[in-house]
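Report on one structure; see the data block that follows.
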Amino acid sequence: MIDLKALRENPARFALGAKAKGVSVDIERLLQLDEQKRQITMEREKLRSEQNRLSKDAGPQIGKLQGQLKGAHGEAREQIEKQLEELKLAPARMKAAIQELEAKEQQLEPAIRDLLLQVPLPPDGDVPVGQGSEGNVEVKRWNPPPSSALPHGFDTGKSFEQNKGFAGKGHIELLAALGLADFERGVKLAGSRSYVLRGAGMRLHQAVLQYAFNYMIDKHGFTPMSVPTIVREETMVGTGFFPAGREQAYHVEETKRGGGYDLFLTGTGEVGLMGVHSDEILDEAQLPLKYVTVSTCYRREAGAAGKDTAGLYRIHQFDKVEQVVICKASEAESRAWHKQMIGYVEELLQSMEIPYRLLQCCTGDLGVKNADMIDIESWMPGRNAYGETHSASRLYDFQCRRLNMRYRAGGDAGKGETTFCHSLNNTVLASPRFLIPLLEVHQQADGSVRVPEVLRPYMGGVARIG
RNA sequence: GGAGAGGUGGCCGAGCGGCUGAAGGCGGCGGUUUGCUAAACCGUUAUACUUAUUUCGGUAGGUAUCGGGGGUUCGAAUCCCCCCCUCUCCGCCA
């Protein structure tokens, strides 16, 4: 959520930002409604203030008279009753007027909130302008140098055969040949875009996840977390996935069964990690919070019908190691963390000798909550193309404002202003999608797949699949 | 699933129709004292929205907030209704 005050002061900035992102939202109307509401609120508060004053003046008298009333009879009683009536008259009249204004406010509120939630965070000035993914800009490319695993290195500018001396297979073919996955039975169980991993396939899946998870904890000091993957609507709204991404989430309709609220399956561990400290005021000294989780992710893939239907690329359920950083409200710090979080992933990919590139996403590809986003794409020989495996976002206070996550300057419950935190997130590793580059790049001429050395401890020492 | 008890400021905890934005304690901050540390004492210490003013750091005012939402009342932390959450006991259970 953006700051409504900032919007009032500089509507053009947000209008341009929305335009650059290709998001249509009626900012003009939002400002009008906000202005209306504030007028009404001011009036109401004025009345209320007056009422409070009257009440304070008349209150003790009323109390006294009511006490006298108990022992009074006849004419004296009538006298007191009359006085009471008079005393109550003025504040009672105000009450009606106040309630009327309150009703008006309550009419305006949902509309304002709906619109406000839709206003995207404007992209940073240095983000290239573009319509969609075709406007993204490659900023870096890394190819593995020669090594024992890849004697000639791997150059994504050349064909697979030129690199490795034989014609490679795609991951679907490899999975089938090595008995690592079973798509038919997956579909039988759970419908399209479902799969079963088996044997070394499942083991490799777990190995990359564990490797990546431990890597963030042991090498970079992230705090390991397990967080809910089935959450309340407030958490989805707070983390910025709703309302815009509502169609992407599986919806568990508990209210239909008599429950008090519905639940939603999360499409990323980010939701749980960011939700942990919602409605909290953290101490400045606690920051930055560096969290990593590994969790199952559920995505409806609505609107992706017909896209990437085969294989492990676009599936409804997968597992992901996700990192988030919650830091102080500082653009410089936010930018520095972004670089670091990307750096961790680069290191990780390099350790597994997977060619990758960094893409600076353009304005049209950012989504409502990001000021800046870098996608990391791994080389997928079967597609003869890079495919997105990671996405690193910088959100400033957009998410923390929605989540009401603040910190107090000056350390342990000390004095100081409260400020919304800044947040960032990045994939560490998502599997089984990541098995695509892993299997395809490391396949051998004999049809087997070499397991990168760093993964072997997680595979019971296995060096080769098949 | 059944039966009970509760949710009050950063934390603990009192209040159970007006004198309460809220006692007391802890913690934090400032000060006094003091070889140092500690202790003692004094002061101070919620958040959001909003208005006016401003030498843009403030200053003065208003409204709201005692889990959330509604209601009763001239007036609600306090009474009533709905919801959410926590705890205890029983049942079921990976």
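Here is the naming used below: chain letters follow the sequence lines, and residue numbers restart at 1 for every chain.
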Would you say a side-chain N or O of [X] is under 4.0 Å from OP1 or OP2 of [N]?
X: A:T418; N: B:A48; result: yes
X: A:Q51; N: B:U63; result: no
X: A:R38; N: B:C49; result: no

Does the structure show a Watson-Crick or G-U wobble partner for [N], both distances under 3.5 Å? Name it, or say none.
N: B:C87; value: B:G4
N: B:A14; value: none
N: B:C41; value: B:G31
N: B:A22; value: none
N: B:C93; value: none
N: B:U73; value: none
N: B:U65; value: B:A46
N: B:U78; value: none

Review point. Would you call A:E322-A:K320 a salt bridge at under 4.0 Å N-O?
Key: yes
Check your understanding: Do the charged groups of A:K328 and A:E331 touch, with an N to O distance under 4.0 Å?
Key ->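 Looking at A:E331 together with A:K328, the answer is no, because their closest N to O distance does not fall below 4.0 Å.
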Considering only the [atom1] atoms, how many Å lie between [N] and [M], rounded to the nearest integer?
N: B:U63; M: B:G6; atom1: C1'; value: 31 Å
N: B:A38; M: B:A23; atom1: P; value: 29 Å
N: B:U47; M: B:G35; atom1: P; value: 38 Å
N: B:G67; M: B:A60; atom1: P; value: 30 Å
N: B:C89; M: B:U45; atom1: C1'; value: 41 Å

Return the value, rounded to whole Å, for the distance between atom [atom1] of [X] and atom [atom2] of [N].
X: A:E254; N: B:C85; atom1: CD; atom2: P; result: 12 Å
X: A:E102; N: B:G71; atom1: CD; atom2: P; result: 8 Å
X: A:D279; N: B:G9; atom1: CG; atom2: C1'; result: 15 Å
X: A:Q99; N: B:G71; atom1: CD; atom2: C1'; result: 10 Å
X: A:R232; N: B:G68; atom1: CZ; atom2: P; result: 14 Å
X: A:R113; N: B:C49; atom1: CZ; atom2: P; result: 15 Å
X: A:K95; N: B:U73; atom1: NZ; atom2: P; result: 5 Å

Point to revise | Between A:H171 and A:Y313, a side-chain donor and acceptor under 3.5 Å | key: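 Not at all, the side chains of A:H171 and A:Y313 share no donor-acceptor pair under 3.5 Å.
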Review point. Looking at the rings of A:Y215 and A:H220, which for Trp means the six-membered one, are their centres under 6.0 Å apart?
Key: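 A:Y215 vs A:H220: aromatic centres under 6.0 Å.
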**Study point:** Distance under 6.0 Å and angle within 45° of ring axis: A:K369 vs A:Y396
**Key:**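 Negative - A:K369 is either too far from the ring of A:Y396 or too far off its axis.
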Review point. Hey, does A:R401 reach any base, or is it just sugar-phosphate, or nothing, if we go heavy atoms under 4.0 Å?
Key: nothing
Study note, to complete from the structure: Given the options A:K5, A:R8, A:R113, A:D34 meets salt bridge (charged side-chain N to carboxylate O under 4.0 Å, His left out) only with A:R8
Point to revise | 5'-most by nearest nucleotide on RNA chain B - A:M42 or A:R406 | key: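 Per heavy-atom nearest nucleotide, the more 5' residue is A:R406.
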